[in-house]
Amino acid sequence: MVTRFFEGMGAVAAKFWPAVFLFWLIIAGVVWHFAPPLEDVTKSGDVALLPNSAESVQAEDVLSKDFAQGDTSNVAFIVISRTGGLWPEDKYYVEQVTNWLRSPQAPKELSGVLSPIDSANLQAMLSSKDGQAELVRITFSTSPWQPATGRAIAAIRDHIEGTPEGLSAHLSGSAAIYSDTKTAIQTSVDRTGPLTIALVVLILLIIYRSPVAPVVPLVTIGVSYFISRNLIAITGQFINVSSLVETFLIAVLFGAGTDYCLFLISRYREELAAGNSPRQATARTMGVIGEAISSSAATVIAGLGAMAFAVFGLFNSLGPSIAIGVFVTLLAALTLIPALMAALRERMFWPLRPSQGGSSGRFSPWPRISGLVVRFPAQVLVIGFVVLVGLSLGFTGLVRDYDLLAGLPKDSDSIAGMDAMTAHFGSGSTLPVTIIVDKGQQIFPSLRDIYKLTGALQGTAGVSEVKSPMAPDGELLAATVLQATPQQLSVTNPPMAQAIGSYLSKDYTEARIDVALQAEPYSNQALDFLPTLKDKVENALQGTSLQDAKVYYGGATAITADLRDITNVDTVRVTAIVLAAIFIILALLLRSMVAPVYLVLTIVLSYLATLGVVTLVIQGLQGETGIDWSLPFIVFIMLFALGEDYNIFLMSRVKEEVGHRGDGEGIRRAVERTGGIITSCGIIMIGTFGILLLSPVRTTAQTGLAIAIGIFFDTFIVRTILVPSIARLLGQWSWWPRRRAGSERPFYLRQLPRPGV
């Protein structure tokens, strides 16, 4: 029934191929008309992709609405420094920069500027204790991921580029880091996209030895990518879309899409070589391969689509967005490819005849490999198992790194600026934990309790500095200040009143406390220290007038801690959904409850081996402190979604061959006939993800490396050794509860007499 459906689809597409071409052309035009530029709707930055329920997001919202200085994610700093100490001329340069930022010539996206020239209080707050650096604090009215913010940051950098000799000026801070991250991701797309296309063309030319055959996958994938990219841009107007989506969309579509094309074209060549007409060959190809590639695409769509159940925005936007692309590519494979095959006919393989094309030939290694697997399945299985288990041991040393700066190119201005701020102000001072105490009514009567809380936090091990209304410059105010009302201070000591007011909300119901940690803000040590800090605050407020106040925690460390907690929960939830979904798809395709079990478990083993090798390469050979925190999750989804492609194609052929030739010969023939094409597909997939190593973004480069390694294991160990050897050993039990025609008893029972014989 299923075979007839796909045969009919292929026959219709072959007969009405001009109409199929017109259909896809119309779809491409419609989505292009309604889609905005993809880069205008994508987002980067942790706050943008965290759920609104996250405590740090709520804190940033309170800061943005209630405090004059705004939230911490929308802020950048110009750090101006000179080794040995700032000169008087340097102070004048700071004044010039400040005046320009407040002039009509400055970007209109600036909503606020705080400078050391404004007051003695700000001079103390924005000048380093070593006298070598000063900061100019900038707040943006636009979000960090919006293109307008990026243009504003670029304009500011252009203006400060010409500093006096010996003086350095850099723009950094959360807004600049997020904007630079998005810029680096776009640079990655521009760099890796053309290389991916060139690699695919080169490999296709080698495989088919024809200048015409590569046209089919290139046209199919090109149309699919164009439509998918615009569909994702349309959805990005209503939901979050990560700025990483385009990079992985290119890799997945050119990898998986080329696989689908190769599967179809290789079978089409076989059918033509068998003497079928182009239309007959197209229909038979779709009947045999249509279900396999549909099931392969279904595993990818299910795996990536399951990421929609994640809470973190990077996951729940990245997976479904790429799933849209895979779905479009599947539709193109089922309609556009047979139309192209029917239009090109035998000319597809010019100058060779169909029987001459392809990657298999008289020197193919697959007859020997398949023979060894069938004759010595137990020995082969043990060798493959030992190799993967041994490699997976490296996984035990994996450390997840949450440092956002580490994801930027080494020559990034944000990194240079942050290094300068860390050197002169301390790492914690520039990205502190921001505590907001919301009393819900006038907080002035409770300033004494804020004073006590500030003192308690200053005496906490792991804290380097605390600033609050009672310590605006990091030093506790004199106790006599507590006796004065804000009105009295405004008259008798205006600078003091201004300093206190800078840490109070606009309606004076909330107090802000900035806690600089001794640990690096994004480090695991800082994240692990945050619960201790929260306990300290809770204990200090007990028995005071603020014990019932709402307390929020914001800033880089709090945001990253929420990210870690939320993604840990996401990993457990989504992993279970992915495994269940892929198991069900495999069970439906193979009509078996046993084969899906070892198909899933072999990918699990391949995944662990991949993490082991990646850990050894990145933390061992490259000397990195850790692996990007998102890598284990994204690689798990990608390997399960993409890795099952080859298992499905192999087992579909095994199911077909076993029915005609029995287990031994059927498995041998399936491995032999699919070996060349699956290896070619694997090489293409390895290449498309391997090219991501050239990306300047750490997340992209490390994830590309890991997926390339995982696909290598799936191509040359899992599909070549583990799966066929297990199928050979299990025999008829592979197809339980059904028994395939031609299937034999399990290999280990084959020498024993049957009962009653």
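With Asn316 contributing its side chain and Phe309 its backbone, the two residues share no donor-acceptor pair below 3.5 Å. A donor-acceptor pair under 3.5 Å links the side-chain atoms of Ser523 to the main chain of Ala526, judged by distance alone. Using a distance-only test at 3.5 Å, with no hydrogens or angles considered, no donor-acceptor pair links the side chain of Thr560 to the main chain of Tyr522. A donor-acceptor distance shorter than 3.5 angstrom exists from the side chain of Thr396 to the backbone of Leu393, with no hydrogens or angles considered. The backbone N or O of Gly397 lies less than 3.5 Å from a partner atom in the side chain of Gln619, making a donor-acceptor pair. At least one donor-acceptor pair closer than 3.5 Å links the side chain of Thr329 to the backbone N or O of Gly325. In this structure, Asn539 contributes its side chain and Asp535 its backbone to a donor-acceptor pair below 3.5 Å. In this structure, the side chain of Arg191 engages the main chain of Leu694 through a donor-acceptor pair within 3.5 Å. Not a single donor-acceptor pair under 3.5 Å links the side chain of Gln186 to the backbone N or O of Thr183. Using a distance-only test at 3.5 Å, with no hydrogens or angles considered, no donor-acceptor pair links the side chain of Ser174 to the main chain of Val75.
Within 6.0 Å of CZ on Phe395 lie no more than 12 heavy atoms contributed by other residues, nucleotides or ligands. For Tyr553, the OH atom counts as densely surrounded, since its 6.0 Å shell holds more than 12 non-hydrogen atoms of other residues, nucleotides or ligands. Enclosure of atom CG in Asp507 by more than 12 non-hydrogen atoms of other residues, nucleotides or ligands within 6.0 angstrom is indicated.
Here OG of Ser128 is found 8.0 Å from CG of Leu135. Values are rounded to the nearest 0.5 Å. A distance of 8.5 Å separates CD of Glu246 from CD1 of Ile232, quoted to the nearest 0.5 Å. For the atom pair Leu608 CG and Leu398 CG, the distance stands at 11.0 Å (nearest 0.5 Å). Here CG of Leu249 is found 9.5 Å from CZ of Phe254. Values are rounded to the nearest 0.5 Å. In this structure, Lys65 NZ and Glu60 CD are separated by 13.0 Å, a value rounded to the nearest 0.5 Å. The OG1 atom of Thr196 sits 9.5 Å away from atom CZ of Phe689, with the distance rounded to the nearest 0.5 Å.
Considering every non-hydrogen atom in both Arg157 and Ala176, the closest pair reads NH2-CB, 3.9 Å. Pairing each heavy atom of Ala456 with each of Lys536, the nearest pair is O-CE, 3.6 Å. Here the closest non-hydrogen pair linking Gly554 and Ala558 is O-CB, 3.5 Å. A pairwise comparison of heavy atoms in Phe140 and Ala152 identifies CE2-CB, 4.0 Å as the closest pair. Residues Phe640 and Leu579 come closest through the heavy atom pair CE2-CD2, 3.4 Å. Among all heavy-atom pairs drawn from Val79 and Ala420, the shortest one is CG2-CB, 4.0 Å.
No cation-pi contact links Lys506 to Phe67, judged by a cut-off of 6.0 Å to the six-membered ring centre and 45° from its axis.
We find that Lys467 and Asp473 are not joined by a salt bridge, their nearest charged nitrogen and carboxylate oxygen being 4.0 Å or further apart. Salt bridge annotation for Lys182-Asp180: absent, with no cationic side-chain nitrogen under 4.0 angstrom from a carboxylate oxygen. Look at Glu55 and Lys534 and you find a salt bridge, because one of the NZ, NE, NH1 or NH2 atoms lies within 4.0 Å of a carboxylate O, short of that distance. Salt-bridge annotation for Asp401 and Arg698: present, with a side-chain N of the basic residue lying under 4.0 Å from a carboxylate O of the acidic one. At a threshold of 4.0 Å, the pair Glu510-Lys439 does not count as salt-bridged, since none of the basic side-chain nitrogens sits closer than that to a carboxylate oxygen.
Using a 4.5 Å cut-off on side-chain heavy atoms (C-beta onward), Phe633 and Met307 make contact. By the 4.5 Å heavy-atom criterion applied to side chains, Ile177 and Leu408 are counted as neighbours. With contacts defined as side-chain heavy-atom distances shorter than 4.5 Å, the pair Leu244/Thr699 qualifies. Val62 has its side chain out of reach of Asp438: every pair of non-hydrogen atoms, C-beta onward, lies at least 4.5 Å apart. Side-chain atoms of Asp403 and Glu520, non-hydrogen and from C-beta on, never get closer than 4.5 Å to each other. Counting only heavy atoms from C-beta outward, the side chains of Thr42 and Ser242 never approach each other to under 4.5 Å. Counting only heavy atoms from C-beta outward, the side chains of Val300 and Leu642 approach each other to under 4.5 Å. Looking at Ile513 and Pro432, their side chains never come closer than 4.5 Å, going by heavy atoms from C-beta outward.
The closest side-chain donor-acceptor pair between Ser317 and Asn240, if any, does not fall under 3.5 angstrom.
Paired with Ser695 under the rule side-chain contact (heavy atoms from CB on, under 4.5 Å), one option of Ile185, Thr700, Thr703 passes, and it is Thr700.
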Would you check, one step at a time, whether the test side chain to side chain contact (heavy atoms under 4.5 Å, CB included) holds for Val136 with Phe77?
CA-CA 6 Å; Val136 178; Phe77 293 93; over 6 Å; no
Decide yes or no on side chain to side chain contact (heavy atoms under 4.5 Å, CB included) for Tyr225 and Val328, but give the supporting numbers first.
CA-CA 8 Å; Tyr225 171 72; Val328 172; over 6 Å; no
Might you work through the salt bridge (charged side-chain N to carboxylate O under 4.0 Å, His left out) test for Arg564 and Asp562, ending with a clear yes or no?
CA-CA 5 Å; Arg564 184 173 71 169; Asp562 280 346; over 6 Å; no
Evaluate the salt bridge (charged side-chain N to carboxylate O under 4.0 Å, His left out) criterion for residues Asp628 and Arg400: first the C-alpha distance (whole Å), next the side-chain angles of each, then the deciding distance (0.1 Å), finally the verdict.
CA-CA 6 Å; Asp628 187 85; Arg400 290 195 295 173; over 6 Å; no
Pair Leu110-Thr139, side chain to side chain contact (heavy atoms under 4.5 Å, CB included): steps then yes or no
CA-CA 6 Å; Leu110 302 188; Thr139 307; over 6 Å; no
Stepwise side chain to side chain contact (heavy atoms under 4.5 Å, CB included) test for Phe529 and Gln518:
CA-CA 10 Å; Phe529 178 76; Gln518 292 177 354; over 6 Å; no
Test side-chain hydrogen bond (donor to acceptor under 3.5 Å, both in side chains) on Ser468 and Thr454; report intermediate values, then the result.
CA-CA 7 Å; Ser468 76; Thr454 303; 2.7 Å; yes
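The side chain to side chain donor-acceptor pair (under 3.5 Å) search around Ser228 returns none, not counting sequence neighbours.
Under the 30°/60° scheme for interplanar angles, the aromatic rings of Phe312 and Phe315 are found to stand perpendicular.
Within the structure, side-chain hydrogen bond (donor to acceptor under 3.5 Å, both in side chains) contacts touching residues 605-617 (residues at least two apart or in different chains) are Ser606-Asp714.
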